[in-house]
**Q** 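Sharing a structure with you now.
Every heavy atom of this structure was used, including side-chain atoms; hydrogens, water molecules and symmetry mates were not. In what follows, chains carry the letters A, B, and so on, assigned in the order in which the sequence lines appear, proteins first and then strands, with residues in each chain numbered from 1.
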Amino acid sequence: MPELPEVETVVRGLQKVLPGRRIVEVRLGKTDFIEDPAALERELPGSRIAAVRRYGKFLVFDLESPQAGTHKPALLIHLLIHLGMTGQLITCAPDASIAPHTHVFFVLDDGRELRYKDPRRFGNMQMVVQGNGSPLGSLGPDPLEATETEFVQQLRGHRARIKALLLDQSVLRGMGNIYADESLWRARINPMRLASSLKEAELRQLYRAVQTILKEAIRLRGSSISDYVDCSGERGEFQLKHRVYQREGKKCARCKALIRRVIVAGRSSHFCPNCQPVPRARRRKK
DNA sequence: AGCTCTTCCTGAAAGC
DNA sequence: TGCTTTCAGGAAGAGC
């Protein structure tokens, strides 16, 4: 599933081919995951792609839309795309065969197409005209941009479990289930621990683990478990480096104990019971 | 504040 | 073998 490293990989691929291109036409299939499909069809054709960037798990296309028949400066439009669980953005030739569940086609002025495919349609697409506010405002800092101090600041003191906080986009933007589990294993912190129980040194340890894991995952172009591919259709390789995620019952790479899986904050959470000891239940003497 | 449960959706895997 | 059931999960919303 696309998390920060996968979205970053897609963005870097698109940055090589999209900036400067114009959108000629937008064609839509199923639209129940698009905020205002008619607006996309109406506003995007003719616009120029100025930049493609990542914001948390969102892809953001910065578009300049000329105001036809006026002398006004181009309207700045942001196209936000969240890949959800199974979203894929692929660039291809217009005569490339159409994969099942391809729901959006952006026809470009160089004759190529940018296509959005999403079997489960957990993804989301919406257009934000500059100055109209956007849903991105409520997200926390990017873990790769945050300093150690900021990172510790975001996590300390909460009563929630550390795993829940790592998944909470308003606390940190971009982490998902895979990288939360892998980072906690690396930092030797049990996912069930309450954030308020973590020592300063443990939070710093977690910061370093998150940095290492995310950078290595980006270097290996993300984790391809079932659906994820980059914008050229290439799979990533970080799944080969997973130490706990979806490795229940297998041996811990550090200590050979068997990896366990529990549900924390409604999510599958994988950990080594030996390296990441469960906090001792406080038991009152009777 | 933060937990659980539910919803969205499809395909893969497990169960019978 | 072939059908049915279960599960996976990012995010949002309800209810507690």
**Q** Rounded to the Å, how far apart are A:L194 CG and B:dC3 C1'?
**A**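 Atom CG in A:L194 sits about 12 Å away from atom C1' in B:dC3.
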**Q** May I ask you to evaluate whether A:Q169 reaches the phosphate of C:dG10, defined as a side-chain N or O under 4.0 Å from OP1 or OP2?
**A** no
**Q** With respect to the phosphate group of B:dT10, does any side-chain polar atom (N or O) of A:R121 fall under 4.0 Å of OP1 or OP2?
**A**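 Answer is yes, contact under 4.0 Å.
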**Q** Is A:H82 close enough to C:dG10 that one of its side-chain N or O atoms is under 4.0 Å from OP1 or OP2 there?
**A** no
**Q** Please check if the distance between the ring centroids of A:F238 and A:Y179 is under 6.0 Å.
**A** yes
**Q** Check the pair A:Y245 / A:H270 against ring pair (Phe, Tyr, Trp, His ring centres under 6.0 Å), numbers first and verdict last.
**A** CA-CA 6 Å; A:Y245 186 75; A:H270 312 75; 5.0 Å; yes
**Q** Please determine, for the side chain of A:H101, which listed nucleotide (C:dG9, B:dG2, B:dG11) has the closest atom?
**A**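 Side chain of A:H101 sits closest to B:dG11.
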**Q** Rounded off to whole Å, could you give me the CG-to-P distance for the A:L155 and B:dG2 pair?
**A**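 After rounding, the reported distance stands at 12 Å.
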**Q** What is the distance, to the nearest angstrom, from the CG atom on A:D227 to the C1' atom on C:dG9?
**A** 12 Å
**Q** Does A:R261 reach a base, just sugar-phosphate, or nothing at all? Heavy atoms under 4.0 Å.
**A**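 Answer is sugar-phosphate: A:R261 comes under 4.0 Å of backbone atoms only.
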**Q** If the threshold is 4.0 Å, N to carboxylate O, is there a salt bridge linking A:E8 and A:R219?
**A**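 Salt bridge flag = no for A:R219 with A:E8.
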**Q** When all nucleic acid strands are considered with a 4.0 Å heavy-atom cut-off, which category describes A:N124: base, sugar-phosphate, or nothing?
**A**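 It contacts nothing in the nucleic acid.
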**Q** Rounded to whole Å, please give me the gap between CD1 in A:I81 and C1' in C:dA11.
**A**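 Checked: the CD1 to C1' distance equals 17 Å.
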**Q** Contact class for A:Y245 (heavy atom, under 4.0 Å): base, sugar-phosphate, or nothing?
**A** sugar-phosphate
**Q** Nearest heavy atom decides the nucleotide; on that basis, is A:L165 or A:R267 closer to the 5' end of DNA chain B?
**A** A:L165
**Q** Could you state the CZ-P distance from A:R120 to C:dG10, rounded to the nearest angstrom?
**A**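 Rounded to the whole Å, the gap is 10 Å.
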**Q** A:F105 ring centre to A:R27 NZ or CZ under 6.0 Å, with the angle to the axis within 45°?
**A**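 Pair A:R27/A:F105 counts as cation-pi.
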**Q** Above 12 or not: heavy atoms from other molecules or residues under 6.0 Å from CZ of A:R159?
**A**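 Atom CZ in A:R159 is not packed in, count stays at 12 or less.
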**Q** Using a heavy-atom cut-off of under 4.0 Å over every strand shown, decide if A:S268 touches base, sugar-phosphate, or nothing.
**A**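 Sugar-phosphate, backbone atoms only, no base.
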**Q** To the nearest angstrom, how far is A:Q126 atom CD from C:dA11 atom C1'?
**A** 13 Å
**Q** Across the strands shown, which category fits A:E3 at heavy-atom distances under 4.0 angstrom: base, sugar-phosphate, nothing?
**A**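 No contact.
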**Q** Report yes if the ring of A:F122 lies under 5.5 Å from the six-membered base ring of C:dG10 with planes under 30°, and no otherwise.
**A**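 One would call A:F122 stacked on the C:dG10 base.
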**Q** Regarding A:R161, tell me which of base, sugar-phosphate or nothing describes its non-hydrogen contacts under 4.0 Å with the strands shown.
**A** sugar-phosphate
**Q** Could you say whether A:K30 or A:R159 is positioned toward the 5' end of DNA chain B, judged by the nucleotide with the nearest heavy atom to each?
**A** A:R159
**Q** Any side-chain N or O of A:H158 below 4.0 angstrom from OP1/OP2 of B:dA1?
**A**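 A:H158 to B:dA1 OP1/OP2: no side-chain N or O under 4.0 Å.
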**Q** Using whole Å, what does the distance between atom P of nucleotide B:dC3 and atom CG of A:L167 come to?
**A** 11 Å
**Q** Salt bridge or not between A:D181 and A:K163? Use side-chain N to carboxylate O under 4.0 Å.
**A** yes
**Q** Rounded to whole Å, how long is the line connecting atom CG of A:N177 with atom P of C:dG10?
**A** 5 Å
**Q** Classify the nucleic acid contact of A:D32 as base, sugar-phosphate or nothing, counting any heavy atom under 4.0 Å across all strands shown.
**A**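 Counting heavy atoms under 4.0 Å across all strands, the contact made by A:D32 is with sugar-phosphate only.
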